[in-house]
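Have a look at the structure below, then the notes.
When a ligand or atom number is given, it counts from 1 through the structure's own listing order. No experiment lies behind these values; they were computed from the predicted model shown. All values below were derived from every heavy atom in this structure, side-chain atoms included, with hydrogens, water molecules and symmetry-related copies excluded.
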Amino acid sequence: MGLLSLGTPLDWHTSREHNEHVRANGIQQLINIFRQHQDRVLDPFLWGDEVEYMLVDMDDANKTARLAIDQDHILDDLNDPDKPEISGLAEAHNISFHPEYGRFMIEATPLRPYDGTDLRDYAYVEQNMELRRRVAQSQLPPHVVPLTLTSYPRMGCGVFTSPSAEPIGPASQSLFLPDEIINRHARFPTLTANIRKRRGRKVAINLPMYPDENTKLVDDSIVRRDLFASDDEPWLGAAIPGHVYMDLMGFGMGSLCLQVTMQASDIDQARYLYDALAPLTPVMLAITAAAPIFKGYLVNQDVRWNVISGAVDDRTFAEQDAEPFKGYDLFGGLAVPAELKQHVQHLGGGRGVNGDRITNEYGDTRMRTLDGKCIQKIPKSRYDSIDLYLGDGTYHEQLYFHSGYNDIFLPINQKVYAELCQHNFDEPLAKHFAHLFIRDPLVVFSERIELDNSIDNDHFENIQLTNWQTLRFKPPALYGPEVGSEEISRKPGWRVEFRPMEIQLHDFENAAYSVFIALASKAILEFNPDFYIPISRIDESMATAHKVDAATKEKFWFKNPAKWNLDPKQFKGYDLSWFDRFINDGNDTLSTNEVYLDGYNGQRDSRFNAANENEPDEARLTANEIINGCDEYPGLIHMIVRYVSRSLVPENCINPKKHCKVATTAEQLKVIQSYLRLVSMRASGKIPTTAHFLREFVVNHPEYKRDSKVSESINYDLVQLVRRLTLLSDAKLAQRFFGKTLAARLAQQALAGQAPNGAV
Ligand code: ADP
Ligand code: MG
Ligand code: MG
Ligand code: MG
C-alpha cells in the first residue's frame with residue numbers, strides 16, 4: 001500500500017471524468033521516471049518483507065473470537081510524531097506500521113530494508129517480525145491479539161466483529177459485511193464503492209463448498225433483503241449454486257498475505273529477476289496455502305488468491321464478455337454515448353461466427369467511452385497472475401527470452417503503447433505498462449489532479465498500485481531538482497515484489513518464506529538459470545495451486561530442468577546437510593575438506609552442454625521436485641545452499657580446515673538451515689501446510705457435523721489453536737505442526753532467549 005494521500009476522494013461518477021487525464025499524465029510521469037533512473041547501476045541488493053495482521057478480540061468467558069474493529073487508533077499512534085513515546089517505539093525497533101484495507105488489519109515492515117549480502121540480516125528478519133508483534137500488542141488491550149491467519153474463518157457470518165456492526169453499509173451494500181470493517185480513511189470506502197459503481201454491480205466471488213457427508217450444497221447465508229437494488233444480485237446470477245457466495249472487496253482485501261520486495265542492481269537485472277520468479281509464483285502459493293475456510297464454510301480449495309482476485313474485480317459485463325443480468329447495464333458505470341447504449345444493450349451484436357465478440361488483437365471492441373477510450377475485452381481481474389514477461393533483454397549474453405513466451409491474449413492501451421515506443425521503451429516493457437494502463441484509476445483525490453509531471457508520480461502510481469499481480473515491477477520514484485544525484489542514487493531503485501504467498505501463523509514461518517525468496521533470488525542472480533515457460537502455463541499452474549493439498553498432490557508447469565542452463569554437478573552435495581558439515585568440524589564423511597565451500601565438483605564442467613534441442617521445453621514437476629531437486633538436477637534449495645556457501649559466508653569465519661570457526665556465524669547459518677528445512681518439508685509433505693492442518697482441525701472437531709460449516713465455537717477453538725501455535729505454548733501441537741526437528745529447534749530458540757528480549 002502506498003502512502004495515503006490526504007484529500008477528498010471523488011465518487012466514481014466524478015472521478016471517471018479524470019480517467020484519461022490520470023492515464024495521460026501518469027505515462028508522462030513514467031517516462032520521466034525512466035529518464036531519471038534508466039541508467040542507474042550497481043544498486044545494492046536490499047530487500048524487505050511485509051507482514052499483515054488481523055486484530056482478534058478473544059472473549060474466553062463467552063468463547064468467541066471476533067475481529068476487533070475499534071483498535072485501529074494504534075496505527076495513528078504508532079505513526080504520530082507528536083506521540084514520541086509510542087511512535088518512537090516502532091522507530092527504535094526498526095519497524096514501520098502501515099494501514100491496510102480492513103479496520104481490523106495492520107501491516108508492518110522493517111523500517112530500513114535488509115542487506116541481502118549480509119548473512120546477519122537474514123538471521124535477523126525473525127527478530128524484527130517478533131518485535132512487530134510485540135510492539136503492536138503493547139498498544140492493545142491483552143484480550144485483543146494480532147494474529148497472522150490468512151483468512152478469518154467466520155468473516156461475514158452474523159456477529160463477527162467486536163463491537164458488533166450490521167451489514168447495512170452504503171459503501172459496500174454487502175449482504176454480509178458491515179462498512180465498519182473498512183479502514184476509516186476515506187480512500188478505502190471510496191475504493192470499495194467505486195469498484196462496485198464502475199463494475200455496475202457488486203463483486204461476486206463463488207468458492208466451491210467442501211463436499212462432506214452432510215453438506216447441503218446451498219449457501220444458506222444468502223438472505224432476501226430489500227435495502228439496496230443490488231440485494232437481488234444473488235438471484236440474478238451472481239451466486240452460483242453449490243458455492244459459497246461473497247459479495248464484497250473485504251472478503252479478499254481482508255485476507256492477509258506475505259510479500260517480499262527486492263532491489264536489483266539495475267533495470268535489466270530487475271527484469272530478469274521478475275521473469276525468473278514468475279514460474280515460482282504458483283508453487284509458493286501452494287506450499288504456503290493457509291486458507292481453507294471462508295464465510296463459515298470449509299471450501300474445496302486451500303488458498304485466498306481467487307478470492308482477492310474476485311474481490312476487486314471492477315470489470316463491466318462488456319469487458320468480461322458476459323451477458324448482463326436482467327435490467328443491468330452492459331457497460332456498468334462507464335460513461336458511454338447514449339446511441340451506443342441504445343444500440344448495444346446486450347452482447348448479441350458484434351460477434352463472429354464462433355460467438356466470440358469481434359475485437360482486434362488487443363481486445364478493442366471498437367466501442368468507445370465518451371472520452372474516447374476503447375472498451376476492451378479483458379480476461380483477468382486487476383488482481384491476478386502476471387500477463388507477460390518483461391524480457392531479459394541485454395542481461396544475459398545468451399538470450400533466454402523470446403516473445404513466444406508471452407503467449408496469452410493481452411489487451412493493451414494502444415495509445416500508451418505508441419507513446420512509450422516513441423520514447424524508446426522496448427516491446428515487452430512498453431506492453432507491460434500499456435497493459436497496466438488498460439485500467440481506470442479507482443480513486444482520484446480532487447486536490448491531486450493537476451500535478452507537475454517532472455516531480456510528481458501520483459498518477460503513475462495510481463494505476464500501478466491498483467494492478468495487484470503476483471509480481472510487481474516497482475520503478476523508482478521521481479525526485480525534484482532539490483534532490484542531488486548522489487542522494488537519488490541512495491533512494492530505492494528498480495525493485496521486484498513477490499506477492500503470491502499466504503501469511504503464516506508463526507513468525508518463524510514468515511521469516512523462513514521471506515528469507516527463502518530473497519535467497520532464491522540471490523541464487524538466481526548468481527547462477528542465471530533459464531526458467532522461462534509460456535505464461536499460459538503459469539496461469540494453468542495458478543489454478544492448480546488453488547486445489548486442496550496442491551503442495552503435495554499436484555504438479556506444476558516448470559522449465560524442463562535439462563534446459564535450465566545449469567550444470568547439475570555443480571550443485572551436488574549442497575543439500576541441508578552442508579550446514580552441519582560446515583559448522584561441525586570433523587563431521588565429514590567425505591575424503592576432502594574442500595567440499596565445504598567449493599562443492600564436490602567445484603566448477604562448471606567445461607564439457608557441460610545445454611540440453612539437446614529435442615528435449616521438451618517444459619515439464620510438470622511437483623513442488624518437492626522444484627524445491628528439493630533430485631539426483632538429476634538441483635532444486636532451489638541446492639542453488640540457495642551453494643550460493644550461501646560461496647557468497648554469504650564471511651571469509652574471515654572460515655578456518656584453515658575450511659570449517660566455520662566463528663560461533664555466531666554458525667548460529668546464523670543454523671537459523672538459515674532451519675528456514676530452508678521448513679520450506680523443504682512443506683514442499684515434500686513431511687509436514688502439513690497450514691491449510692491442511694486447519695482443515696483437519698475442523699473436520700476432527702467434536703462439534704463438527706460433517707456439513708462443511710465452521711460454527712462460532714469451532715471458530716473460537718481454531719483461533720485458540722492458532723494462538724497456541726503463535727506462542728508455541730503447546731509442545732505437542734508444535735510438533736504436529738512443525739515436525740519434531742523444527743519444533744525442537746523452536747523450543748530451544750525460545751529457551752535460549754534468542755527471541756529478542758526488548759522491554760516492549
Ligand atoms: P508496498 O505496500 O507498496 O509493497 P511497503 O512499503 O509496504 O510497500 O513495503 C516495501 C518493502 O520494501 C518493505 O519491506 C521495505 O523494507 C522494503 N524496502 C524499502 N526500501 C527498499 C529498497 N530500496 N529495496 C528493496 N526493498 C526495500
Ligand atoms: Mg499489504
Ligand atoms: Mg505494504
Ligand atoms: Mg507490498
Side-chain angles (χ1 to χ4, degrees), residues 1-5 37 40 42-54 75 79 90-91 93-102 104-118 121-122 124-125 128-129 131-132 146 148 150 183 185 187-188 191 249-250 252-267 269-270 273-274 304 308 311-312 383 457-458 460-477 479 487-503 510-511 513-515 517-518 521-522 525:
M1 185 90 24
L3 278 186
L4 294 175
S5 293
H37 297 280
R40 65 188 284 163
L42 298 176
D43 278 335
F45 187 97
L46 302 177
W47 71 283
D49 65 88
E50 294 164 69
V51 173
E52 294 172 344
Y53 306 80
M54 55 175 69
L75 273 172
N79 283 296
E91 207 178 321
H93 292 294
N94 189 27
I95 304 170
S96 168
F97 286 95
H98 313 218
E100 253 303 336
Y101 179 83
F104 56 87
M105 289 166 81
I106 53 177
E107 179 183 288
T109 67
L111 180 62
R112 287 179 299 280
Y114 314 118
D115 177 353
T117 58
D118 192 335
D121 270 18
Y122 290 98
Y124 157 74
V125 174
N128 188 275
M129 288 181 177
L131 276 166
R132 293 178 218 171
T148 41
T150 293
N183 189 313
H185 187 286
R187 173 185 151 81
F188 296 93
L191 183 59
M249 188 169 175
M253 282 298 195
S255 301
L256 315 182
C257 66
L258 174 66
Q259 297 170 340
V260 180
T261 297
M262 291 152 294
Q263 176 165 279
S265 62
D266 54 50
I267 182 172
Q269 193 186 63
L273 180 60
Y274 178 99
R304 79 197 188 290
I308 193 159
V312 292
Y383 203 117
N457 61 358
D458 294 33
F460 166 68
E461 292 289 348
N462 191 332
I463 304 288
Q464 156 94 347
L465 293 179
T466 51
N467 272 278
W468 298 275
Q469 298 182 306
T470 33
L471 295 166
R472 186 178 277 155
F473 177 55
K474 293 178 166 176
Y479 301 96
E487 200 181 338
I488 293 181
S489 69
R490 286 195 307 270
K491 301 273 188 196
W494 299 98
R495 289 146 300 150
V496 175
E497 185 182 20
F498 191 82
R499 304 167 46 86
M501 295 191 287
E502 310 226 311
I503 203 77
N510 289 318
Y513 283 112
S514 305
V515 164
I517 289 300
S521 301
K522 277 305 254 175
L525 295 177

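For Arg490 and Asp43, the salt-bridge test fails: no basic side-chain N is under 4.0 Å from an acidic carboxylate O.
Arg472 pairs in a side-chain contact (heavy atoms from CB on, under 4.5 Å) with only one of the listed residues (Val496, Asn467, Thr261, Leu465), which is Leu465.
Taking any N or O of Arg499, backbone or side chain, none lies under 3.5 Å from an N or O belonging to ligand 1. Residue-to-ligand polar distances keep Arg495 apart from ligand 1: every N/O pair is separated by 3.5 Å or more. An N or O contact shorter than 3.5 Å is missing between Thr109 and ligand 1 by distance. Remark: ligand 1 and Glu107 share an N or O pair separated by less than 3.5 Å (distance only, no angle test).
Here atom 8 (O) of ligand 1 lies nearest to Lys474 when heavy atoms of Lys474, Gln259, His98 are compared.
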Would Met129 and Ser514 count as a side chain to side chain contact (heavy atoms under 4.5 Å, CB included) here? Give the steps. CA-CA 11 Å; Met129 288 181 177; Ser514 305; 3.7 Å; yes
Would Asp266 and Arg40 satisfy side chain to side chain contact (heavy atoms under 4.5 Å, CB included), going step by step from the backbone distance to the final call? CA-CA 6 Å; Asp266 54 50; Arg40 65 188 284 163; over 6 Å; no
One pair to check against ring-ring contact (aromatic ring centres under 6.0 Å, His included): Phe498 and Trp47. What are the steps and the verdict? CA-CA 11 Å; Phe498 191 82; Trp47 71 283; over 10 Å; no
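Ligand 1 places these atoms under 4.0 Å from at least one heavy atom of Glu497: 4 (O). Shown in contact with Trp47 at under 4.0 Å from a heavy atom are these atoms of ligand 1, numbered in order with element: 25 (C), 26 (N). Shown in contact with Asp49 at under 4.0 Å from a heavy atom are these atoms of ligand 1, numbered in order with element: 13 (C), 14 (O). Every atom of ligand 1 with a heavy atom of Pro492 under 4.0 Å away is listed here by number and element: 23 (N).
Using the six-membered ring where Trp is involved, Tyr383 and Trp468 have ring planes that are parallel, under 30° apart on the 30 and 60° scheme. Between Tyr274 and Phe473, the ring planes are perpendicular. Angles over 60° get that label, and only those under 30° would be called parallel.
In summary, the side chains of Tyr124 and Asn94 do present a donor paired with an acceptor at a separation below 3.5 Å, with no hydrogens or angles considered.
The Mg ion (ligand 2) has no N, O or S atom of Glu50 under 2.8 Å away, backbone or side chain. Contact annotation: Thr261 places no N, O or S atom under 2.8 Å from the Mg ion (ligand 4).
Although no hydrogens or angles enter the test, the distance criterion places a donor-acceptor pair under 3.5 Å between the side chain of Glu52 and the main chain of Cys257.
Looking at Glu497, its N, O or S atom nearest to the Mg ion (ligand 4) turns out to be OE2. Closest to the Mg ion (ligand 2) among the N, O or S atoms of Glu107 is OE1.
Rounded to the nearest 10 degrees, the angle OE2 (Glu52) to the Mg ion (ligand 2) to OE2 (Glu100) equals 90°.
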